[in-house]
Amino acid sequence: MRRGISIAAAVCALALTATACGDDGDDGSTGKAKDAKDISGSLTYWDTSDATTEAPVYKKLIDDFEKKYPKIKVDYENVEFASIEQKFKSAAKTGKGAPDVMRADVGLIPEYASLHYIAPLDGTLALKGGTDDFTEGPLNTTKYQGKTYGVPSVTDTLGILYNKKLFKKAGIDKAPTTWDEFIETAKTIKKKTGVEGTYLNPDSYFLLPFLYGEGTDLADTKSKKITINSPEAVKAVTTAKKVYDQASAKVDFANSYDNMQTSFKNGEVAMLVQGPWSVTDDLSGKAFKGDEGNLGFAPVPAGSTGKPQAPTGGHDLTVYQGSENLDAAYLFTQFMTSSQSQQKVAEGTATLPTRESAYTPKVLEDPRIKGFHPIMKTARPRVALPQVGSLFTPLVQQYTKILQGDVSVKSGLDAAAKDFKKLLPGYTIGS
Amino acid sequence: MVAPVVIVLAVLVLYPLGYGFYLSLTDANEANVARDIGAFHAPATYKMVWFDNYWSVLSGADGDFYPRLIWTVIWTLSCVVLHIAIGMGLALLLNRQMRAKLLYRALLILPWAVPAFVGVFAWRLMLNSQYGVFNDMITAVGLPAQNWLATPFAQKTAVIMVNVWIGVPFNMVALLGGLQSIPKELYEAAEMDGASPWQRFVHITLPGLRPVTNTVVLLGCIWTFNMFAVIYLLLGQNTTGEADILVTFAFRKAFTGVSDYSGAATYGIVILALLLAFSTFYRRRQLKTEQA
């Protein structure tokens with residue numbers, strides 16, 4: 001029996017070293033592929049970009065890739081952002097039908113990495129050329145327990161988007177910089193123009209700037225403490241509730257995101273906390289169509305720490321651990337995240353590149369990128385927990401109850417902390 | 001020649017059921033089950049916890065089960081009562097002599113013919129507090145706009161309403177079939193004896209419908225208890241979770257973030273046990289009334 005265990009352990013250890021060696025390109029399979037031109041085969045790529053506005057640009061890039069490496073064939077598939085997580089996880093678990101390369105939301109990297117669904121990329125072709133050129137924020141999102149599991153492809157964060165004409169009409173000449181100013185601005189706009197000042201998105205992701213503004217987060221991985229009901233968090237959510245009560249249009253909780261977008265782009269709401277992904281949609285509305293200069297950009301309001309901070313969002317390219325064509329997958333990842341590719345994507349889709357060198361004068365000509373580029377300085381990584389996706393569910397439920405006035409801020413957050421504890425083994429609830 | 005039946009049952013029913021039950025006795029989740037992903041092999045590290053999961057659910061220690069159960073029962077009862085009552089009313093109306101009967105019947109069946117998710121999304125659009133047709137209608141007559149899907153109470157009312165809309169056609173058709181199988185002579189004889197319409201309804205229609213209503217109630221209870229689509233799709237993600245019934249709750253457990261297999265399996269087995277207990281009890285009572 002004892003021997004059985006030790007053999008199993010040895011096999012495991014061997015398997016682990018094999019993967020580690022593969023990363024260094026030392027063993028047989030990768031050793032031959034020193035020259036990228038020799039790699040051949042086919043690979044599947046799952047993309048979550050917007051199927052109508054963004055996907056054509058990526059498809060064109062893939063054509064370029066196939067031209068450059070004629071021995072590799074890429075099978076492109078556009079998967080809806082909302083359903084990719086389910087789809088990928090059920091395929092990854094069974095090893096059947098999972099893509100070789102996937103565009104993954106940065107918030108999912110710790111979860112996929114901890115479950116070993118995605119391959120570590122240190123020392124592979126994917127990171128050839130180093131990571132110095134990548135902006136710090138997006139680069140941080142690719143790390144889990146000291147290894148790199150993704151290559152930053154597109155980045156974003158939250159900021160204030162505002163309707164300049166409505167601001168002018170209300171006699172306000174600059175965007176608010178603190179939450180108190182934010183509330184005052186919204187009230188003034190409502191009074192002077194009759195238009196709603198803002199629309200608070202009741203989703204828990206949009207609660208993060210409030211939490212970061214007070215210097216706290218969902219949990220602290222160093223001390224293994226749940227901090228969602230800390231005094232700082234209570235203060236943060238109290239501020240959010242104040243925004244909802246005093247400054248926001250009436251929120252339709254079941255349709256919150258769509259209604260927020262529709263009312264902003266139609267000019268029924270003057271400012272939003274939103275991300276750059278929404279800008280193309282905003283500009284299609286009657287308040288901004290043909291008048292792109294009317295859309296103003298500013299960092300999120302600061303909390304009592306005085307520093308405006310918002311979560312780093314965006315997408316990283318990841319390679320499926322079980323891919324049968326890892327070399328091609330690494331090479332493809334490298335190609336798609338190269339500076340030239342990022343410039344082409346930025347020019348075609350107005351999304352924010354993750355490499356400093358991709359912010360060329362031509363890329364910065366686009367007002368959508370120019371507007372958000374300085375705001376990226378406020379971006380900070382989310383807490384790197386595999387369970388972070390699960391934490392958002394109890395948080396949004398309690399946050400909704402708090403906003404609707406069913407429970408007090410403190411007791412709502414206490415309940416959320418209790419639910420967090422069920423999901424985070426070994427964590428204690430901090431005070 | 002019983003072997004094929006046994007094999008089919010074993011593969012389709014007993015194996016999944018047994019595996020689900022086994023999972024519910026462990027602490028398995030997505031992070032500790034065995035996986036082979038390419039060159040990476042992870043051995044299973046979950047362990048048996050026996051009835052711990054059941055204990056934490058049934059003792060109320062997890063804090064989720066009883067609130068969800070109470071709401072699930074309220075939801076099932078109100079939906080089934082409304083289904084039968086409205087279905088019966090419509091069936092009685094359609095059972096009379098009238099012109100264009102087929103047309104009415106076809107129109108009334110429509111909600112049932114539409115795929116559930118299409119119907120539910122249509123309702124979600126109509127109930128949108130800013131851009132939905134409901135608020136357009138009531139503001140047109142000067143009433144204040146309502147936030148139809150906002151508070152837990154509004155959400156619960158909305159899901160019941162939509163589920164009734166979806167479920168009434170089936171009940172109507174089933175009860176109409178039942179009505180048509182009651183012999184006309186009974187009504188004629190009762191009329192000769194001077195029975196009022198109400199008396200005829202209570203003493204002929206209701207007993208005559210019993211075989212149908214018994215089945216419809218049993219089916220309705222089981223379906224509604226497990227009705228997933230309406231609640232999950234109508235309310236989306238930004239809700240308080242108060243309107244979650246046991247199945248939607250178990251689904252969120254199994255499919256958000258790192259999946260909790262053992263927790264979801266425990267809920268599955270508990271739901272199954274509740275429904276089995278209910279149908280056994282119901283059938284017993286039914287037999288008793290038939291014998292009496």
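Residue numbers start from 1 in every chain, and the chains themselves are labelled A, B, ... in the order their sequence lines are given, proteins ahead of strands.
- Contact of A:Ser323 with chain B is not made at all, since no heavy-atom distance falls under 4.5 Å.
- Only the side chain of A:Asp406 comes within contact range of chain B, judged by heavy atoms closer than 4.5 Å.
- You'll find the side chain of B:Ile37 reaches within 4.5 Å of the side chain of A:Tyr117, heavy atoms only.
- Only the side chain of A:Tyr320 comes within less than 4.5 Å of a heavy atom in chain B; its backbone stays farther off.
- For A:Glu324, no part lies under 4.5 angstrom from a heavy atom of chain B.
- By a heavy-atom distance cut of under 4.5 Å, B:Arg124, B:Leu127, B:Asn128, B:Ser129 are the residues of residues 113-129 of chain B near chain A, going up by number.
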Q | Criterion side chain to side chain contact (heavy atoms under 4.5 Å, CB included) on B:Gln130 and A:Glu268, from CA distance to verdict | A | CA-CA 11 Å; B:Gln130 266 174 294; A:Glu268 296 159 25; 4.3 Å; yes
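- Using a 4.5 Å cut-off between heavy atoms, A:Lys422 contacts chain B through its side chain alone, with no backbone atom that close.
- The CG atom of B:Asp36 sits 11.0 Å away from the CD atom of A:Gln321 when rounded to the nearest 0.5 Å.
- Within 6.0 Å of atom NZ in A:Lys93, more than 12 heavy atoms from other residues, nucleotides or ligands are found, so the atom counts as buried in its surroundings.
- Contacts from residues 83-91 of chain A to chain B, taken as heavy-atom pairs separated by less than 4.5 Å, involve A:Glu85, A:Gln86, A:Lys89 in sequence order.
- At a heavy-atom cut-off of under 4.5 Å, chain A is reached by B:Asp62, B:Asp64 from residues 61-74 of chain B, listed in order of number.
- The contact list for residues 24-35 of chain B toward chain A, using heavy atoms and a distance under 4.5 Å, reads B:Glu30, B:Ala31, B:Arg35 by residue number.
- Heavy-atom pairs under 4.5 Å with chain A peak, among B:Gly263, B:Ala42, B:Pro152, B:Ala158, at B:Pro152.
- Counting heavy atoms from C-beta on, the side chains of A:Lys401 and B:Thr151 never come closer than 4.5 Å.
- Per-residue counts of heavy-atom pairs under 4.5 Å with chain B were compared for A:Thr393, A:Val251, A:Thr262, A:Asp419; the largest is that of A:Thr262.
- With a threshold of 4.5 angstrom between heavy atoms, A:Ala249 does not approach chain B through any atom at all.
- For the pair A:Lys250 and B:Asn147, the tightest heavy-atom approach, listed with the atom from each and the gap, is CE-ND2, 4.2 Å.
- A:Pro386 approaches B:Val258 most closely through the heavy-atom pair O-CG2, 3.8 Å.
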(Q) Show, in sequence, the C-alpha distance, side-chain angles and deciding distance for B:Tyr131 and A:Asn259, and conclude whether the side chain to side chain contact (heavy atoms under 4.5 Å, CB included) test is met. (A) CA-CA 8 Å; B:Tyr131 305 106; A:Asn259 281 16; 3.6 Å; yes
